[in-house]
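Take a look at the structure set out below.
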Amino acid sequence: MSTVLTPRPFWALAVVHARFQFLETVRIPIAVIGNLLFPSLALLFFVIPQRAVADDPGIATAAVAQLGVFAVMSTCLFSFGVGVSEDRAMPFDPFLRTLPAGAGPRLMGRVLNGVLWSYLALVPLVLLGAFLTAATVTPTQALAAIAMVPAVAVPFLLLGLAIGYRLSSKAAIAVVQATLFPLAFAGGLFMPPESFPAWLDAISKLLPSRAARDLAVQAVTGYSAYTFALLVLLAWTALFAVMAVTAYRRDEGRRFH
Amino acid sequence: MTAVVELAGVTRTFGAVTALDDVSLTVGEGQLVGLLGPNGAGKTTLLSLVSGLRRADSGTVRLFGGDPRDASSRIALGTTPQETGLPPTLTVGEVVDLVAKHYPAPMARGEVLARFGLEDLLARQTGGLSGGQKRRLAVALALVGRPRLVLLDEPTTGLDVEARHILWQALRDYHADGATVLLTSHYLEEIEALAQRVVVIGGGRVLADDSLASVLGLVALRRVVLSLPPGADVDLARLPGAYSAQQGLDGRWTVLASDADRLVRALVVDDVPFHDLELRGASLEEAFLTLTSEKEAVR
């Protein structure tokens, strides 16, 4: 070609996609409100009435942290995993795929959005925790918690995207539900893993939800995570990233044939 | 001449359906090509291969010399979303911006909206647009990045005459600026209004690829319907002026004629014992079917 035309830079395109995905979401906010409410309600009904838990600064903070991990996980898997499969069924999606942007910027746009909505999902939970329980963090721990959110959000976003690009929206909802709740229970997001039998604890330590939970709890309390938690989380992140990119590349939009 | 689009021996199947069967097609810089064919002929599949949405099962597809599945090959490509597919909560201005930001030197928002008479709708959510406005916006999105190749799939289906003419003019203007345009339609009128070169597709194959005038001649068939008494031994298809002949379930013969006048004269001169003769223009669909079945017989 005589004129050299190069695609727009990766990050510029990622921000463009993130911005428009955010606008679309914020104009139909009901979709995200469910994710904002459930973890807060769980805290309100199951943690706050148990004063033995709620009045102990360490345990209460850990409880808020593990429900926070759940809030991030469900935001990422539902809104962005299932959301992708719903978008894919819209005729605008194939059009976007013909624009000069590869899989990367669009996926990154979703990741940025997922992280942002994860922060928003934590706001009510953190407020309830701060005002109605003894949960407390030092400024350093608060910063650590803020830094933890993307580390927790990204693997589950990628898992959601892998599901969303592979399956139809009805199948994706079922698969996300079948993934989210077992992962949450076995990862100790509802019941602390200290109460697990030894075999479950062993399995639990291999799960991304448990690794994320322990790292989040470590960030905001003194309780240290198990030895390989970070490695487990990174390994799952890498695997989910490969799955998401593969699913996106294989996808040709809706199939009617 | 630089090839903008190049398909060589392309086959694409969907399960048991062969959408494209060994198709080769080259579109050069600055051409305005119409892909004409009945529904299900493979036109949309062809466009989806060129725009990188789908992959060919065999054969090669080249867009500006590169693989259309690479984003960098699509830098000078503009396509339209289906009219029903605009994100309903975004405004017209936002959708235009979203698309424009993918290109290195897009049109200003005002310019692209003015080309399609959409200036007043800038802040309107696309969900609130009329069908015609959505269609104009869809075509505007194809042009906003100043692409050198525009792909348009049935650009004016469902539009009223006036809206259709506005869109056609906008496309002619854009082509006059030097762009290559590849559009599909099953309306002969649309192809006549826009295309210089016409590619007729049917049953997944290229049936004809010629100038507009030649293809128009090819499809300008007449339909002569008549009855013959039982036992009459006439090969209607071999009569002068006839193109093909077929007996319907009711026993009546339908002869597609490239020259109906000659055919009728021959029927009279040869003293063919016909009765109940009817004569009318063949539909585009029938012309396609003839082309299709003929190629079928040749294979």
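Only a predicted model underlies this, so the values are computations on that prediction, with no experimental measurement involved. The chains referred to below are lettered A, B, ... by the order of the sequence lines, with proteins before strands, and numbering in each begins at 1.
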Side-chain donor/acceptor of R74(B) to backbone N/O of A101(A), under 3.5 Å: yes
Toward chain A, the part of P88(B) with a non-hydrogen atom under 4.5 Å: side chain
Side-chain heavy atoms of R250(A) within contact of R55(B), under 4.5 Å: no
Under 4.5 Å from any heavy atom of chain A - which part of T80(B): backbone
Nearest heavy-atom neighbours spanning F95(A) and T79(B): CE1-O, 2.9 Å
Under 3.5 Å side-chain donor-acceptor pair for T98(A) and S51(B): no
Residue F46(A) excluded, over 12 heavy atoms near CZ under 6.0 Å: no
Residue pair E94(B), R27(A): steps toward the salt bridge (Lys or Arg N to Asp or Glu O under 4.0 Å) verdict: CA-CA 13 Å; E94(B) 284 165 353; R27(A) 287 188 188 149; 2.8 Å; yes
L13(A) portion near chain B, given a 4.5 angstrom heavy-atom threshold: side chain
Residue list, ring pair (Phe, Tyr, Trp, His ring centres under 6.0 Å) with F185(A), at least two apart or on another chain: F190(A)
Side chain to side chain contact (heavy atoms under 4.5 Å, CB included) between R19(A) and K101(B), worked out: CA-CA 12 Å; R19(A) 184 167 159 244; K101(B) 288 196 165 128; 3.7 Å; yes
Closest heavy-atom pair and its distance - P100(A), H102(B): CG-O, 3.5 Å
Minimum-distance pair of heavy atoms, taken over all atoms of L99(A) and Y103(B): CD2-OH, 3.5 Å
Distance (rounded to the nearest 0.5 Å) between R97(A) CZ and L53(B) CG: 7.0 Å
Option in V95(B), L98(B), L90(B), L151(B) with maximal non-hydrogen atom pairs under 4.5 Å from chain A: L98(B)
